[in-house]
Undergrad: 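Following this message is one structure expressed as structure tokens.
For ligands, and for the atoms within them, numbers begin at 1 and follow the listed sequence.
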Amino acid sequence: MSLKKYSEMVGLKIIYDDSYDLEEFLKRIADNPVEPYRCFECYTMRLNRAAQRAAENGFKEFTTTLTVSIYQDHNLIRDIGEEVAKKHRVSFVYFDFRDGYRQGHNKAREMGLYMQQYCGCVYSERDRFIDMKPEKIVRKY
Ligand code: SF4
């Protein structure tokens, strides 16, 4: 995992929860596995877990690395972050890190860190290869 490797390289202490509740994710989106609906569910699951871990570990605030991405829906992330924060009595810190997106990629490349070519779920991996326009499914390779 790149984050683990990075934290070791720079001496950053991290509390990990690298579980991925695939079954729950699939259950939530099975009837409508398209964007932005599936991303809404995905953000909700991830941010809820982060807020929960923050609260359990005595932190008052939490945030997400999702906000460095130029491909993510920042408004949706902020809304969900604030919503789950209320539930766990912590605060969600939103900061738009998109200006550093390319710089981050260059740094990761320089450090020899793995960079995933898709967002994260099986659907995004599939979408790398095919254009999912309903009228025609075209393979890109
Ligand atoms: S991994 Fe990315 S594309 Fe897939 S549901 Fe989550 S945010 Fe959306």
Undergrad: Tell me the protein heavy atom at minimum distance from atom 8 (Fe) of ligand 1, and give that distance in Å.
TA: C39 SG, 2.3 Å

Undergrad: Are the side chains of N32 and R38 in touch, meaning some heavy atoms are under 4.5 Å apart?
TA: no

Undergrad: Is it true that the side chains of Q72 and Y43 contain a donor and an acceptor less than 3.5 Å apart?
TA: yes

Undergrad: Decide, counting backbone as well as side-chain atoms, whether C42 has an N, O or S atom less than 2.8 Å from atom 4 (Fe) of ligand 1.
TA: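 Looking at C42, which is the residue asked about, there is no N, O or S atom under 2.8 Å from atom 4 (Fe) of ligand 1.
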
Undergrad: Considering only heavy atoms of Q72, which atoms of ligand 1 have at least one such atom less than 4.0 Å away?
TA: 7 (S)

Undergrad: Have a look at ligand 1 and work out which part of E41, if any, has a heavy atom under 4.0 Å from it: side chain, backbone, both or neither.
TA: neither

Undergrad: Among all protein heavy atoms, pick out the one at the shortest distance from atom 3 (S) of ligand 1; state its residue, atom name and that distance to 0.1 Å.
TA: R38 NH2, 3.6 Å

Undergrad: For E56, I'd like to know if atom CD has over 12 heavy atoms of other residues, nucleotides or ligands within 6.0 Å.
TA: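 Counting other residues, nucleotides and ligands, CD of E56 exceeds 12 neighbours.
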
Undergrad: Once you measure the plane-to-plane angle for F92 and Y94, does it fall in the parallel (<30°), tilted (30-60°) or perpendicular (>60°) bin?
TA: tilted

Undergrad: Please could you name the atoms of ligand 1 that G120 approaches to less than 4.0 Å, counting only its heavy atoms?
TA: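 Taking each heavy atom of G120 in turn, ligand 1 has 1 (S) under 4.0 Å.
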
Undergrad: Would you say H88's side chain and R53's backbone share a donor-acceptor pair under 3.5 angstrom?
TA: no

Undergrad: Which atoms of ligand 1 are found less than 4.0 Å from any heavy atom of R46?
TA: 1 (S), 6 (Fe)

Undergrad: Please write down residue, atom name and distance for the protein heavy atom closest to atom 1 (S) of ligand 1.
TA: C121 N, 3.2 Å

Undergrad: Using a distance-only test with no angle check, is there a side-chain donor-acceptor pair under 3.5 angstrom linking S7 and Y16?
TA: yes

Undergrad: Heavy-atom pairs closer than 4.0 Å: do any link ligand 1 to the side chain of Q116, the backbone, both, or neither?
TA: neither

Undergrad: With heavy atoms under 4.0 Å as the rule, classify the contact between Y43 and ligand 1 as side chain, backbone, both or neither.
TA: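 It is the side chain that touches ligand 1; the backbone stays farther off.
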
Undergrad: Give me the ring orientation class for Y20 and F25: parallel if the planes are under 30° apart, tilted from 30 to 60°, perpendicular past 60°.
TA: tilted

Undergrad: Suppose we measure from atom 2 (Fe) of ligand 1 to each protein heavy atom; which comes out shortest, and what is that distance?
TA: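 Of the protein heavy atoms, C119 SG, 2.3 Å lies nearest.
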
Undergrad: Is a donor on one side and an acceptor on the other found under 3.5 Å between the side chain of K5 and the backbone of G112?
TA: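 Yes, because the side chain of K5 sits within donor-acceptor range (under 3.5 Å) of the backbone of G112.
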
